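The structure appears right after this line, and notes come after that.
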Amino acid sequence: MYTLLYIAACVVIIMLFTAHPFALAFSEIIFITSVLICIKLAPRNLGILSWRAGIPSFYLLYFFVFPLVTGNIEKISYVSLYIATGGILAFLLGSLMMGSLGKKHIYKFGLLDWKHREKTVFVFFLIGLLAKIWSYFFGYFGLVSSEDASAGGFAGIISALSFFLTIANVIAWNTYFRTGNMIFIATFSTLTMVFVGLVSNSKASILLPFLYIALSSWAVRGKVPLKMIGSGVLFYSFIVLPYTTATRLYTSLAGYEVGKLEQLQFALYYFTSLQWVDNLTAVFLVRDAALSTLDRGLLTYFDSIIEKTGDTINYLNGETILQGIGTMIPRFLYPDKSNMDISHWTALRYGEIASNDTATNVAPTYMGEFYMNFGIFGVLFGMFFVGILAVMVDRYLIGQKKSWTLPILMYMVIWQEGVMGHTLFAFLKELLFLIPVFIIVERILRKSRLSYRPL
């Protein structure tokens, strides 16, 4: 695999120098090299399925590969790629330092054998399902506004419980690929998560359970699930994309604010009537738009942040990070805390969205957030911290490829797209609630002599 990467890198180098100006091409090569070094030095027991390789790979995709496809990479300054390279090297330094410190102990909760604990996993599924239903009707996604005191105050806690649906799903698929058990829970939880994604009209939520299946298969069987990936691409192209495009078009053309209940009713009618079959041509209508947004504008936004911060826009001096920390306090303890709209007001500040746009969020990436707060030193110190965190996740939460926690944590690599307040801090708040539950479950399972069978 590494040989193929090096061959591809050599081909890319030749192409870059022939297609791009020397300064930009050289910065691209330095950036690619720094990422490949991180991938090469990733832990052998995890390889590419680790945060130490996954996070640099994320930036390789969104700061080089996808912008190269869309042509957006030619619109940026080479200075931005040099700064991004500095962030990757700081990440590498942090991971190497943390990797050389402390004991090589691996936390084994992810390695627990759930083969004979199907009832426990089913309870997880029920808790997560009920919490998800409550959250959709009364919480953050609600048919009843979450501003209502009786709902909004505890929306965060109940939303955290809905994470048990994801936990049950990945445990069930991990167990199925290892032993052939728990196929019922695996299938039913997947269908439930897809249904939730459909009624909430979220492409990411619809595709997420399939990503978990692919990652679970890859981790347990040791092979890239090419058939699953191909099936996922077809499913996205011919069902998910037309469906979400049509439902969002319906919402925008309604002429009034469409409530969640009406959205739910329309989604159910649209799906059960097979009306989506008639909209397969939507794939071709939105093809060009989908291609142009392949890189999600992350690199061009990062370039804009580099250009404007400290010149036309003042440094935020930690404002987004402090707001993110504030969101960790439960709303029932701090009813007046600010909403998690960091990606919205920062996008307004940098002119990425219209001044009258009250809904759109634009992700600056972690590197972008670090720069808009503290400049280049923010990128260096921030990514150094992320490198330390990556080692801790790989060592203590993932452990090895067959761990059931791997699919969830590898999905979290894409957090780099957002801001810390929306991702890392929100997850830390959930962990304060979930870790005691994990510890109780682990102690219960320890009582069984089958709890720690080799995976």
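It should be emphasised that the depicted structure is a prediction, and the values quoted were computed from it without experimental measurement.
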Can the ring centroids of Y59 and F64 be said to lie less than 6.0 angstrom from one another?
->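 Ring centres of F64 and Y59 not closer than 6.0 Å.
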
Please report the closest heavy-atom contact between [X] and [Y], naming both atoms and the distance.
| X | Y | answer |
| --- | --- | --- |
| D303 | S80 | OD1-OG, 2.5 Å |
| N169 | S189 | ND2-OG, 2.8 Å |
| W51 | D394 | N-OD1, 2.8 Å |
| L397 | T405 | O-OG1, 2.5 Å |

Residues passing the side chain to side chain donor-acceptor pair (under 3.5 Å) test with S27, sequence neighbours excluded, are none

Any residue meeting side chain to side chain donor-acceptor pair (under 3.5 Å) with T346, in chain and number order, not counting sequence neighbours = none

May I ask you to test the I39-V35 pair for a side-chain heavy-atom distance under 4.5 Å?
-> yes

Side-chain heavy atoms of I213 within contact of M228, under 4.5 Å = yes

Please indicate whether [X] has more than 12 foreign heavy atoms, meaning atoms of other residues, nucleotides or ligands, lying under 6.0 Å from its [atom1].
| X | atom1 | result |
| --- | --- | --- |
| F210 | CZ | yes |
| Y301 | OH | yes |
| Y82 | OH | yes |

Return the orientation label for the F164 and F124 ring planes: parallel under 30°, perpendicular over 60°, tilted otherwise.
-> tilted

Donor + acceptor pair across side chains of S216, W404 (<3.5 Å) = no

Show the atom names and distances, to 0.1 Å, of all donor-acceptor pairs under 3.5 Å that link a side chain in residues 379-392 to residues at least two apart or in another chain.
none

Give me the one residue out of F302, F58, Y366 that meets ring-ring contact (aromatic ring centres under 6.0 Å, His included) with F63.
-> F302

